Amino acid sequence: MSATKRYSMVVDTRRCVGCSACVLACMAENNVPDGYCRDWIVKEVKGRFPTLTQEIRSERCMHCTNPPCVDVCPTGASFVGEGGAVLIQQDDCTGCKACIASCPYDARYVHPEGHVDKCTFCMHRVKRGDNPACVSVCPTRALTFGDRNDPGSEISKLLAARKWKVLEPQAGTEPNVFFLE
Amino acid sequence: MNPTHHKADWNPYVAGVALGLVLLLTYALMGYGLGGSAAVTRVAVAGAHVVAPTVIEENAYLGTYVANGANPLDDWMIFEVIGVLLGGVLAAYSAKRIRRKNLFKGPTTSRATRIAFAIVGGILMGFAARLARGCTSGQALTGGSVMAVGSWIFMMAVFVGGYVTAPFARRQWR
Amino acid sequence: MMPFYQTGGFDYPVAMMLATLLGMGFGFVLERAGFARADVLVAQFHGTDMRVLKVMFTAIATTAVGIALLSGVGVMDVSKLVIPGTYLGPQIVGGLLLGAGFVISGYCPGTAVVAAGSGNLDGLYTIGGVMVGSLLFGFAYPLLDAFYQADGGLGKITFPDVLGVPWAVLALGVAVMAIGTFFLAEKLEKYYAKRAQIDPPSDSPKTRNRTLLSLGAVAAATLVTMAIPDPHVTNPPSRALASLDPIELATRIADGGDGMYLVDLRPAADCAKGSIPGAMCLPADDPDGAFLASLPPTRQLVLFGAKDVAAAPVSVSKYAGAVLKVAGGLEAFQAAVMEEPKPPTEATPESIAAFRLRAALHAHFTGATAPVSAPAPTIKPVTRAVKKGGGC
Amino acid sequence: MAISRRSFIKISGATFGAAAVAGGIGSRLLASGHGDYVPNPDTDGDQVIPSFCEICFWKCGILAHVKNGHVTKIVGNPDHPLSQGRLCPRGTGGTGLLYDPDRLKKPLIRKDVRGKQVFEEVSWEKALDYIAERLTELKKKHGPESLAIFNHGYGASWFKQLFKAYGTDNFGAPSYAQCRGAREKAFELTFGSPVGSPEKLDIENTRVLTLIGSHLGENMHNTQVQELANAIGKGAELVVVDPRFSTVAGKARYWLPIKPGTDTALLLAWMHVIIGERLYDIDYVEKYAIGLDKLTEHVKDKTPEWAAVETGIAPEVIVETARFIAGAHPSSLIHPGRRSNWHGNDTQRGRAIAVLNALLGTWGRKGGFFLPTSYAVPKVAAAKGISHTFREPPDVPEGQVVPFLGEALAHGLRDASLPGAKVAYPIKAWFVYGTNLVQALPEPQKTIEALKALDFVVAVDVLPAEITGWADVVLPEATYLERYDDLHAPPWKEGYVAIRQPVVPPLFDSKPGAWIASELGKRLGLSDYLHNDVEAYLDERLKKLGTNLAEMKEKGVLRQGKEPVFIEEGVEPTFATPSGKIELFSQQIADSGLNPLPEYTRLDGGPAGHFRLLVGRTPAHTFGRTTNNRFLSRVYDENAVWLNADRATELGFKSGDRVMVVNQDGATAGPITVRATQGIRSDCVYMVHGYGHTANGLQFASGRGADDTQLVTKVAIDPLMGGTGINVNFVRLERFEA
Amino acid sequence: MNQQLVEVISNRANAGIDPHLHIWGWEIPAYLFLGGVVAGLMILLAGLELRHKEKPRSAATEWMPLVAVALLSLGMLFLFLDLANKEHVYRFYMTFRPTSPMSWGSWILLLVYPALLLMYVSGLSAERREWLLSIKPIQALRLGALVRWTMAFGDKHRSKILWVTLGAGVGLGAYTGLLLGTMVARPQWNSAIMAPLFLTSGISTGAAVMLLTRLDKRESATLVRWDIAAIAVELSLLVVLLLGLSSGNVYSQEAAASFLGGPYTASFWSLVVIAGLVVPLTLNVLEVRRHTPMTLYAPALVLIGGLALRAILVTAGQASGLH
């Protein structure tokens with residue numbers, strides 16, 4: 001087991017029904033301002049009637065291993081926190097929006113108070129041993145959170161057992177949110 | 001009064017053929033012809049819309065230019081007239097007759113008079129072009145070449161209007 | 001096919017880019033024609049320099065001949081050209097006013113732009129006036145509404161329509177008329193120049209003659225195109241049609257038949273008497289396929305005649321989607337579905353399934369409902385038994 | 001100019017690589033810029049109070065976080081068997097109802113004719129006195145049974161007690177005849193027991209789940225969806241029969257885009273194959289069921305080919321799916337669905353589903369239907385018991401016979417309120433609790449007509465829904481987060497009892513239903529029949545269980561522990577049918593004169609150019625009840641009309657266009673946004689129910705989307721149980737011009 | 001009709017992000033434009049002086065550094081206006097982030113101001129120096145000694161100052177492009193071409209600003225020639241940019257397509273390529289080759305084109321993405 005933690009999330013697209021409970025739980029947990037969301041549902045339907053396939057994903061900040069948002073931040077307000085979670089120190093943020101432009105996942109937005117805002121992996125919950133709010137609420141248990149550097153964690157087992165993908169791998173960001181196919 | 005003949009001017013028949021070919025190309029590519037006044041109107045509407053949005057939006061005629069959030073400047077005519085401007089500049093440049101703050105006027109006419117004439121004439125044409133759904137370029141030239149009956153009638157009317165007015169407007173060229 | 005934009009050759013953004021380029025050509029020629037100079041332009045109305053007339057008529061004749069030529073050789077669809085409508089009142093009054101404004105300002109709106117572009121302030125002021133004038137029209141519009149609309153106008157009428165004369169002939173006529181007008185114009189120029197004690201325009205007569213001669217020659221040559229037959233008639237694109245089995249057709253009709261346009265090619269009278277359910281009779285007045293062309297190509301076009309259709313009619317080529325035919329036509333369909341099927345002599349699973357499907361289709365198309373006869377109900381009540389549930 | 005393509009890739013890729021490399025280094029160098037700083041929104045409650053949810057009827061256990069007297073968030077109660085610590089979006093969004101700025105704030109009394117929104121705010125005293133006065137007068141003039149109560153929601157129990165004491169048994173819940181009724185009757189006729197709510201389905205352990213028109217996952221019945229996901233997680237396969245590519249169709253091994261209204265044909269053909277190939281549970285059927293011979297005869301000519309012509313599904317697919325479904329028996333569940341009143345032949349379709357389940361041997365089996373147990377919570381009687389008998393509800397017109405009536409038909413009571421209704425006795429007054437009849441009952445034109453004709457209408461609600469605009473008195477009820485309700489101990493896989501309690505005091509001048517019923521009871525002289533002190537009543541009930549209110553308020557839920565609920569676990573099933581067995585052939589139905597075997601009826605098609613209108617729901621909303629919930633609307637704020645993409649192209653519509661929906665009778669709804677999609681058949685359109693509110697008081701929901709109820713001007717009445725099939729309306733789309 | 005269709009539905013509707021990114025309005029293009037102009041001015045002023053060492057300089061070039069300072073300040077005002085958290089603007093200067101172009105940019109801007117002021121003060125003619133020393137603020141603030149020292153320092157190190165200015169100008173110009181060019185998430189921007197493109201465009205627009213003023217004949221002749229070169233390079237860079245995008249992955253191709261038939265085609269080709277580059281290039285060539293009189297047309301068109309280039313690229317880039 002590696003000494004440092006690598007927090008990650010797994011989204012099981014087969015279990016997810018796209019109900020948006022994760023989105024609402026996040027909004028309530030994190031006081032997300034009206035008109036914004038930190039996580040969201042994407043439904044992708046491919047094909048032509050009647051030969052169709054569908055993928056439903058609960059998406060959020062990917063807490064990349066190579067986070068371009070942290071790189072472009074001119075003040076260091078975007079930073080990599082404990083366990084690799086990409087966080088924002090609001091007091092340092094000028095609202096220049098370079099991080100928003102740099103994010104391939106469009107996961108960030110400008111909070112009405114001026115600073116940039118996004119998913120924190122609910123680190124305030126994780127620190128005390130809870131799951132992020134979205135993971136806790138999910139009625140289909142499609143979301144799993146944990147330390148990927150711990151081979152015994154549920155998330156490591158899932159990634160070992162199932163076929164998975166990350167979004168926009170070509171951006172070289174090495175996301176830490178994985179989608180089980 | 002002697003019009004400023006210039007060695008860079010093309011023979012009018014050659015110019016006519018050239019103009020006709022440009023128009024033909026326009027028809028071949030676009031299916032419609034060239035114009036001038038519509039773009040000017042659009043710029044005016046766009047400007048007025050910035051100053052007094054509700055006045056324009058509520059106007060039965062001008063409102064159609066901005067209906068449903070349309071941008072009056074996003075139109076073929078605008079791009080075409082940008083081109084006309086650029087083409088004119090290039091032509092004048094290459095003919096070495098680009099001018100600065102020039103006014104064409106009769107030797108005894110004051111600048112102010114000439115400017116007043118230009119503006120008044122412009123207003124008349126602006127009104128007329130909207131009434132007739134086009135100007136010399138958009139109606140007479142373009143419509144004329146596709147044999148539109150109304151356009152030929154318009155063209156005749158333009159010449160009649162011009163010849164009738166000419167004796168009265170001649171003063172400014174003396 | 002020209003005009004490319006109207007026939008979907010390119011999109012709006014590309015059209016806008018082309019607009020700039022075409023406008024540049026327009027502006028360049030206008031400037032080089034001398035039209036950026038007010039004194040040159042008004043000289044037309046003083047008779048001393050008929051350049052406006054010469055350029056405009058030459059241009060009109062050139063374009064008219066060009067259009068006649070292009071449509072004559074079949075590369076341009078004249079019906080797709082955007083033609084200004086005819087509104088007699090507004091056009092006459094507008095024309096008179098515009099002519100007056102032209103003489104007063106020294107420019108027309110288009111030439112004013114070129115004039116302004118080459119640094120002439122009077123052109124700029126004229127443009128300002130045009131802006132004001134067009135806004136004034138807007139504000140006066142409530143008063144002019146009826147006049148402006150003129151009961152919707154007379155429509156997009158053109159001389160070829162009105163006179164019933166082919167384009168090529170009219171184009172030649174325009175060219176000839178223009179040339180005639182030019183001789184008159186040059187005479188007038190000389191007369192007025194003399195009166196004004198100036199030199200008449202001294203354009204090279206050699207260039208003039210060559211240019212006009214060429215124009216006339218091309219116009220005359222355009223007449224030859226009238227001898228070219230309509231390419232659409234002589235050159236029918238033949239489509240080898242894939243076949244649709246009558247049983248499959250029947251199954252698809254039973255499922256709603258939404259994936260196809262079922263078209264009966266038989267004479268309208270026969271079709272009207274009865275056809276495959278859901279079929280439409282091909283309109284008799286649609287030899288050029290306008291009806292088929294108007295159908296969105298989202299479905300398969302399924303054709304049938306009394307018997308197997310050997311070749312699709314020409315108009316079918318107008319349909320943009322997939323085209324099939326019913327194998328064996330109406331007769332085969334009726335044999336397959338409307339006649340009661342006989343049980344197979346050799347009972348293989350396949351033949352039994354095929355028989356059952358035919359039986360079901362037969363029942364469906366002959367109006368039989370479910371193959372079960374419901375008893376005629378005399379309904380008796382049973383005591384109300386309430387068991388509680390919940391919401392919905 | 002010959003520039004190789006590859007060199008350009010290099011050029012454009014140069015910064016790409018550079019940024020990635022720099023990124024890696026940069027992040028590592030700068031990682032500890034803020035040490036262990038963690039943003040904390042601080043939304044955990046000072047108090048965490050257990051209760052159960054009421055945003056839908058499922059009644060999941062919740063924990064409400066309360067901070068400084070404000071509910072910050074609602075999460076699932078891990079101890080509750082239904083929520084298992086998880087909530088659906090609606091439960092999560094309960095605060096959106098509590099803090100809805102549009103809530104009814106004070107009692108209102110009408111000042112003008114019904115339909116005109118002129119009300120006076122009055123005190124509770126005045127409002128209650130007025131209602132009591134009018135109800136006393138009504139009883140005197142027309143008899144107590146001339147009052148009909150329309151209800152939806154758990155809080156109705158107090159009013160049921162009150163009005164039973166008053167003398168009427170005319171309780172009409174639209175959720176019966178408009179929703180569950182056909183299914184419940186069908187299962188009752190087959191197994192002697194309805195499916196019930198929550199449905200006694202063991203989805204979790206099923207191996208093949210077949211859904212007939214049910215879009216589970218979009219109808220977010222929490223436990224069912226949890227079990228569905230667990231089943232999928234365990235490798236269960238789905239067969240989804242739906243004209244629309246629903247969420248769950250996207251997860252299915254087989255999606256059968258069936259022609260609407262032909263499901264019974266498919267079910268019969270499946271039986272044809274399953275019986276013909278002897279794929280059914282032979283021992284089970286022999287032991288528990290009767291009528292197989294008659295069924296066999298009945299389905300003999302229901303060949304897959306016959307069904308193919310009816311349903312539009314290829315015969316080989318029908319055979320393949322029949323074998324697939326049967327192959328997993330008895331853990332092969334044909335889901336009974338919930339809203340089952342579609343086309344008028346629905347009890348017969350429900351019977352087909354029930355019979356197929358019987359053939360597969362799923363009743364009482366793991367991965368099928370469990371045989372529920374429940375926590376026996378002793379009743380506590382009021383001072384006086386109700387002894388009088390009630391008149392039969394006048395929900396069926398005289399001369400018509402509906403043989404298998406159950407709960408009162410809400411639309412029937414509505415029709416009995418119409419002037420000149422041919423019924424045993426007319427309905428003269430309505431007491432409407434928590435159901436927006438204007439949107440909840442089909443044929444809205446009749447609802448409005450009835451509302452105009454009534455003597456007296458009272459509405460108790462949380463929000464100013466359309467129905468409140470038609471009431472003479474409007475009473476603002478406290479939300480489920482502000483009140484006690486009765487204990488909840490439903491039949492389930494394990495017995496449990498849960499409590500609902502106020503987590504914050506009522507906002508504004510709203511009052512709990514129990515209080516309202518008690519106060520009305522006082523004024524009607526019926527106090528003795530009621531439990532007038534809720535806390536004392538609950539405490540007494542709980543004490544009989546060996547606990548008390550204070551303890552229960554802490555725990556929220558009390559569980560009985562696991563008990564056997566399957567035949568495999570040793571439970572012997574009993575069937576409350578006349579024969580005491582599963583009735584594949586129903587002598588009861590035969591006696592009534594109708595078809596005793598599942599019967600397929602071919603439907604009439606619609607007018608040319610029209611689409612059959614199908615409706616459903618979104619996981620984020622409970623119909624019109626929640627569309628004003630601003631919180632829930634953050635994830636789904638407006639419905640759209642699904643239209644087959646090819647048809648859309650033909651009609652010149654594209655996704656995002658605004659249209660009006662017009663039905664065969666010229667009724668309109670909208671404007672609504674088009675969703676042109678490959679995921680629906682070309683002969684129908686679909687929209688989510690509950691949008692298109694018109695009540696001005698619903699400031700958020702008003703004018704959002706379209707109300708499908710406006711388009712249900714026609715219904716098909718189920719001949720067995722009297723339910724209203726609403727999928728018999730046809731619509732076309734017209735471009736909306738602003 | 002057998003092509004694969006993809007229907008994507010998302011319930012994310014974040015302001016400024018959906019349906020596509022639109023966080024940067026007019027402020028950023030205006031800032032990038034002015035930054036480019038200033039970069040161009042710095043390069044050209046230094047370059048002109050290095051080229052025409054012994055010639056008398058026009059008055060315009062003397063005060064041009066002040067114009068640059070003013071334009072830069074205006075640009076920075078626009079940048080400030082764009083910040084969502086304005087009171088935190090000082091945070092730019094509390095740290096240096098080597099991976100962030102914007103951090104580099106903000107520090108380069110700090111270098112540009114003193115370089116320009118030094119260039120201005122030390123480049124003044126004798127009488128101008130007297131005038132500068134005599135103006136009230138200098139006297140009131142008792143800055144005379146500092147200014148005099150600066151002048152002396154400038155006289156001694158004039159060529160070094162010019163080289164520093166040139167370098168800072170290149171840095172500033174390249175940074176405006178780099179800022180966008182490093183965004184992997186926006187295929188429209190993500191190209192190594194962006195830095196040289198913005199730099200050459202900056203030089204061209206800087207030349208245009210100078211040509212709008214009254215210059216020495218020799219200076220303007222040199223500038224026009226340089227402008228021709230800059231525009232020609234810029235045109236070829238645009239071609240390379242589009243070819244590069246077209247040959248990239250599917251997202252890059254989509255980005256390229258927005259200029260080749262997509263929504264930005266008309267404005268890009270009409271305003272940037274034709275009006276902003278080809279026509280002024282032609283005019284410039286005509287001036288040089290055919291000795292047509294110099295007018296304000298070419299510089300005005302170049303400025304319009306430069307602004308349009310940035311406005312269109314900033315908008316189109318935001319609309320481009322990886323999904």
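Since the model is a prediction, treat every value here as computed from it, not as a measurement. In what follows, chains are A, B, ... by sequence order, proteins preceding strands, each numbered from 1.
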Undergrad: Between A:V32 and chain D, which part of the residue has a heavy atom less than 4.5 Å away: side chain, backbone, both or neither?
TA: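 Both parts, heavy atoms under 4.5 Å.
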Undergrad: Using side-chain heavy atoms (C-beta onward) and a distance below 4.5 Å, is A:S20 in contact with D:Y636?
TA: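 A:S20 does not reach D:Y636 side chain to side chain.
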Undergrad: Are any side-chain N or O atoms of A:Q54 and backbone N or O atoms of D:T247, one a donor and one an acceptor, separated by less than 3.5 Å?
TA: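 Checking the backbone N and O of D:T247 against the side chain of A:Q54, a donor-acceptor pair under 3.5 Å is found.
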Undergrad: Measure the shortest side-chain to side-chain distance between A:H124 and D:P41 over non-hydrogen atoms and say whether it is less than 4.5 angstrom.
TA: yes
Undergrad: Heavy-atom distance under 4.5 Å between the side chains of D:R86 and A:C138, does that happen here?
TA: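 Yes, at least one pair of side-chain atoms sits under 4.5 Å.
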Undergrad: Given heavy-atom pairs under 4.5 angstrom as the criterion, report whether the side chain, backbone, both or neither of A:T13 touches chain D.
TA: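 Contact with chain D is through the backbone of A:T13 alone.
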Undergrad: How about D:P89 and A:V23: do any of their side-chain heavy atoms sit closer than 4.5 Å?
TA: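 In short, these two side chains do not touch, never coming nearer than 4.5 Å.
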Undergrad: When you measure from the side chain of D:K251 to the backbone N and O of A:R14, does any donor-acceptor pair fall under 3.5 Å?
TA: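 Yes, the answer is positive, given that a donor and an acceptor are paired below the 3.5 Å cut-off.
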Undergrad: Checking heavy atoms, do the side chain of A:V137, its backbone, both or neither come under 4.5 Å from chain D?
TA: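 Looking at A:V137, backbone and side chain both touch chain D.
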Undergrad: Main chain of A:Y36, side chain of D:R634: is a donor-acceptor contact present, judged purely on distance under 3.5 Å?
TA: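 Checked: pair present.
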Undergrad: What part of D:E227 is in contact with chain A, defined as an atom under 4.5 angstrom from a non-hydrogen atom: side chain, backbone, both or neither?
TA: neither
Undergrad: Answer with side chain, backbone, both or neither: which region of D:L632 has an atom nearer than 4.5 Å to a non-hydrogen atom of chain A?
TA: both
Undergrad: Using heavy-atom distances under 4.5 Å, tell me whether A:S136 contacts chain D through its side chain, its backbone, both, or neither.
TA: backbone
Undergrad: One thing to verify: whether A:R48 and D:D646 come together as a salt bridge, which I'm taking to mean a side-chain N less than 4.0 angstrom from a carboxylate O.
TA: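 Yes, charged N to carboxylate O under 4.0 Å.
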Undergrad: Between A:K127 and D:V38, is a side chain to side chain contact (heavy atoms under 4.5 Å, CB included) present by the stated rule, with each step listed?
TA: CA-CA 9 Å; A:K127 270 197 118 166; D:V38 166; 3.7 Å; yes
Undergrad: Between A:V17 and D:V248, is any pair of side-chain heavy atoms under 4.5 Å apart?
TA: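 The answer is no; the side chains never approach within 4.5 Å.
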Undergrad: May I ask you to decide if A:N30's main-chain N or O and D:T43's side chain share a donor-acceptor pair within less than 3.5 Å?
TA: no
Undergrad: Could you walk me through whether D:V635 and A:I41 pass side chain to side chain contact (heavy atoms under 4.5 Å, CB included), step by step?
TA: CA-CA 9 Å; D:V635 296; A:I41 296 295; over 6 Å; no
Undergrad: Which residue, D:N222, D:T92, D:L228, D:L87, forms the side-chain contact (heavy atoms from CB on, under 4.5 Å) with A:P139?
TA: D:N222
Undergrad: Counting heavy-atom pairs under 4.5 Å to chain D, which of A:G84, A:A133, A:C16 comes out on top?
TA: A:C16
Undergrad: Check whether A:L52 gets within reach of chain D through its side chain, its backbone, both or neither, counting any heavy atom under 4.5 Å.
TA: both
Undergrad: Is A:L24 in contact with chain D via its backbone, its side chain, both, or neither, using a 4.5 Å heavy-atom distance?
TA: both
Undergrad: Working to the nearest 0.5 angstrom, can you tell me the gap between A:R128 CZ and D:N40 CG?
TA: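 The CG atom of D:N40 is 8.0 Å from CZ of A:R128, to the nearest 0.5 Å.
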Undergrad: Locate the shortest heavy-atom distance separating D:G233 from A:R15; write the atom from each residue and the value.
TA: CA-NH1, 3.8 Å
Undergrad: Name the orientation class of the two ring planes belonging to D:W255 and A:F49 (parallel below 30°, tilted from 30 to 60°, perpendicular beyond 60°).
TA: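 Plane angle over 60°, so perpendicular.
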Undergrad: For D:Q226 and A:T140, indicate whether the former's side chain and the latter's backbone hold a donor-acceptor pair under 3.5 Å.
TA: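 Such a contact is absent between D:Q226 side chain and A:T140 backbone.
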Undergrad: Between A:C19 and D:R90, is there a side-chain heavy-atom distance shorter than 4.5 Å?
TA: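 SC-SC contact between D:R90 and A:C19 ruled out.
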Undergrad: Is it the backbone or the side chain of A:P68 that comes under 4.5 Å from a heavy atom of chain D, or both, or neither?
TA: neither
Undergrad: Examine whether an atom of A:D34 lies under 4.5 Å from a heavy atom of chain D, and if so say whether it belongs to the side chain, the backbone or both; otherwise answer neither.
TA: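 Both backbone and side chain.
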Undergrad: Side chain to side chain contact (heavy atoms under 4.5 Å, CB included) between A:M27 and D:K73: does it pass, once the steps are laid out?
TA: CA-CA 9 Å; A:M27 286 171 177; D:K73 60 185 173 192; over 6 Å; no
Undergrad: Can you tell which part of D:D42 gets under 4.5 Å to a heavy atom of chain A, answering side chain, backbone, both or neither?
TA: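 Neither part, no heavy atoms under 4.5 Å.
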